Amino acid sequence: MKGGSNMKRTFRILSVISIIVVASACDKFLDTMPDNRAEINSQSMIQALLTSAYPSTDYMLLTEFMSDNVDDYGSNNPYTDRFIDQVYAWKDITESDNEDSERLWENSYIAISSANQALLAIEELGGVEATGMYPEMAEALLCRAYNHFILVNVFCMQYNSKTSTSDLGIPYITEPETTLDPKYDRGTVAQTYEMIEKDIKAALPYISDTYYTVPKYHFNAKAAYAFAARFYLYYEKFAKSIEYADKVLGSQPATMLRDWAAQAEMTQQYDAIVEHFISSSLNTNLLLMTAYSKMGLAFGPYSVYSKYAHGEYLANYETGIAITPLWRGSNDTYYSPMKIYAATNLDKTIFWKLPYLFEYADPVAQIGYYRTVYPAFTGDEVLLERAEAKILEGQYQSAITDMNTWIKNIAQDPRTLEDNVTEDYRELTQERIQTYFDGIKYSRWDSSTVKKHLNPYFEIGQEGGEKETLLQCVLALKRVDHLAQGLRWFDVKRYGIEIERRVIGASGKPRYSTDILLKDDPRRAVQIPLKVRAAGLEPNPRNDK
């Protein structure tokens, strides 16, 4: 595209200025105002610009390694570095990495800058009424909302109706920056959510799939509704979450789920399975994104970062295999069972999901960047989010129907001919769910179960009551569905789930605990980057130790 390289450089400069990320490092190009911007003067240029309104750095590695989906496999495992050590220990990140908090912050705001520039260009061409660029406007607004949504959920405390009017939010940027030294304040989490909702509501009536060459890499209609469903679930507006989930799932939600049975018929090789997992042809993959990421290595058959891993203990006692007795199953009843990758000092029991890709910056020197492709929203996620919202709205039987739909899609019927029964064990009832969860204790660091103490700000009834028990069930299913995709961390935050770090011994069982993340621990909000703090933005609070 003519002027493309200058435009890309200009947008990067503008976005870096606007987010105060490189206050000292930018002196070399901040001596003059960036007035030589490439002119965005056509619909096709605006559409091309919007491809850069999606983040190039994902949150998944940060949030997955901060969650309870990984254990410490001890000093005998050398496969770590200081960056991932800090992430796992919920420390303020000072080490540099392509997936560190600074890059997530910076690249998210760069994407926001592109969205804002597209909106400005539409206005300069006469506005949406004159140009008819309603779909482009809608995509820009959704990209702006989505990037801010990820930022507020990573760098702030979780939204809740009790404290979010005072909890620190993030700067919500709605215009391209034109000054050299802009000043921002963080506002509150509640204010950030209000701005996200405003953008979503303005965008949804105009979202369209018509101009996309590859709709699955843009905010197509179903992806937009999926975003709204997740947003309103986190916003504690559960009826609205159900409303938008219904738009995604339609009258036959099973058709919007991952085809685990088809995956089971494939060659069971890592490359084949992960390529299928991210296929744009699958109904479940609503929005695909690309990112600089080592997730395909960390949660694939490789040693990378395996000091902190989802191993056999977690699988057997807390996650994928642990939940199967609910339908009298086992790992083998999954259409595509969890994969075991074990060797000296290695212990991974995982579902293969995300590919490991490598982008060569210099093919001769064999250097470059780790990349992956990931589904930012899926039909499976939406179905389980709808089940959760229905429970919170008191629609228990309908929620159980959704959970049964999900279970029957991922797991085979565990009956055998010798059983001589007609009951499908995957057809859960409220009574069966209650009996199952009544029969297990709440999880401890040294005695794990799928049942965790829940401490949300919203009302879920007493422990062991019908609402809390059904929430235990759907959160356990969500944890399995979201493995290796970073979303578990947001449920940990929303439900005040406490995590006690532990070291797994040579026996494969926990040896001792090392730290605990309490329900209101300020470390649940990732510290904003050092350069941003140095430029004057208020840091997240930390407990003095």
Side-chain angles (χ1 to χ4, degrees), residues 138 141-154 156-170 172 187-207 219 221-250 253 286-287 376-399 402-403 454-461 467-468 470-471 474-475 478 482 487 489-497 524-525:
L141 288 172
L142 286 169
C143 287
R144 184 168 77 185
Y146 175 77
N147 281 283
H148 283 105
F149 178 72
I150 295 301
L151 288 168
V152 74
N153 279 286
V154 171
C156 305
M157 299 299 281
Q158 71 281 1
Y159 175 84
N160 69 83
S161 59
K162 303 296 194 302
T163 70
S164 288
T165 54
S166 57
D167 291 336
L168 286 172
I170 54 160
Y172 204 96
T188 67
V189 170
Q191 290 169 335
T192 303
Y193 265 71
E194 289 168 6
M195 294 295 289
I196 295 170
E197 182 180 37
K198 181 179 178 181
D199 277 350
I200 291 175
K201 291 173 71 172
L204 287 180
Y206 302 107
I207 199 69
F219 263 114
K222 285 189 179 297
Y225 293 135
F227 175 29
R230 187 194 296 177
F231 169 75
Y232 281 112
L233 182 68
Y234 290 15
Y235 204 11
E236 300 180 9
K237 297 184 179 183
F238 307 122
K240 296 289 288 184
S241 180
I242 296 169
E243 173 188 341
Y244 287 110
D246 287 346
K247 292 179 181 293
V248 176
L249 299 168
L286 305 175
L287 175 62
F377 298 97
T378 68
D380 297 73
E381 176 205 349
V382 173
L383 181 68
L384 292 177
E385 286 178 340
R386 186 173 74 173
E388 180 188 345
K390 287 177 177 178
I391 295 167
L392 291 164
E393 284 288 290
Q395 301 173 24
Y396 298 157
Q397 189 52 56
S398 185
D402 282 349
M403 289 190 281
L454 307 179
N455 305 286
Y457 283 92
F458 49 86
E459 178 58 42
I460 63 170
K467 178 178 283 190
E468 192 260 4
L470 290 173
L471 286 170
V474 75
L475 290 174
K478 287 178 71 180
H482 300 347
L487 293 172
W489 175 246
F490 302 126
D491 283 349
V492 166
K493 291 179 68 171
R494 292 171 52 238
Y495 279 89
I497 297 171
R524 289 172 179 263

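Predicted model, so just to flag it, every value in this text is computed and none were measured.
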[atom1] of [X] to [atom2] of [Y]: how many Å apart, nearest 0.5 Å?
X      : Y      : atom1 : atom2 : value
Tyr234 : Ser241 : OH    : OG    : 10.0 Å
Thr378 : Leu286 : OG1   : CG    : 6.5 Å
Glu393 : Lys237 : CD    : NZ    : 12.5 Å
Lys222 : Leu287 : NZ    : CG    : 14.0 Å
Met157 : Ser164 : CE    : OG    : 9.0 Å
Asp199 : Arg144 : CG    : CZ    : 4.0 Å

Quick check: do [X] and [Y] have side-chain heavy atoms less than 4.5 Å from each other?
X      : Y      : answer
Arg494 : Asp491 : yes
Leu204 : Ile200 : yes
Val382 : Phe377 : no
Thr192 : Leu151 : no
Gln395 : Ile242 : yes
Met195 : His148 : no

Side chain Lys493, main chain Ala525, donor-acceptor under 3.5 Å: no

Given 3.5 Å as the limit, does a donor-acceptor pair link the side chain of Ser166 with the main chain of Thr163, or not?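 Yes.
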
Taking every non-hydrogen atom, the tightest pair across [X] and [Y]:
X      : Y      : result
Asn455 : Gly496 : ND2-O, 3.0 Å
Tyr396 : Ile391 : CE2-O, 3.4 Å
Ala229 : Ala245 : CB-N, 3.8 Å
Ile497 : Arg524 : O-NH2, 2.6 Å
Tyr172 : Ala145 : OH-CA, 3.6 Å
Val474 : Leu384 : CG2-O, 3.5 Å

Should the pair Glu197-Lys240 be classified as a salt bridge under the 4.0 Å nitrogen-to-oxygen rule? no

Do the ring planes of Tyr146 and Phe149 sit parallel (below 30°), tilted (30 to 60°) or perpendicular (above 60°)? tilted

How are the rings of Tyr232 and Tyr244 set to each other: parallel, tilted or perpendicular (split at 30° and 60°)?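 Aromatic pair Tyr232/Tyr244 classed parallel.
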
Test: Lys162 cationic atom under 6.0 Å from Tyr457 six-membered ring centre, within 45° of axis: no

Please list, chain by chain and in numerical order, all residues satisfying salt bridge (charged side-chain N to carboxylate O under 4.0 Å, His left out) with Arg230, sequence neighbours excluded. Glu381, Glu385

Tyr495 versus Gln158, side-chain donor and acceptor atoms under 3.5 Å: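 On atom types as modelled, these side chains do not qualify, holding no pair under 3.5 Å.
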
Could you tell me whether the side chains of Tyr193 and Asn153 share a donor-acceptor contact shorter than 3.5 Å? yes

Just do the side-chain contact (heavy atoms from CB on, under 4.5 Å) check on Ile170 and Cys156 with the steps written out, would you? CA-CA 8 Å; Ile170 54 160; Cys156 305; 3.7 Å; yes

Taking it one step at a time, do Leu392 and Leu471 satisfy side-chain contact (heavy atoms from CB on, under 4.5 Å)? CA-CA 8 Å; Leu392 291 164; Leu471 286 170; 3.9 Å; yes

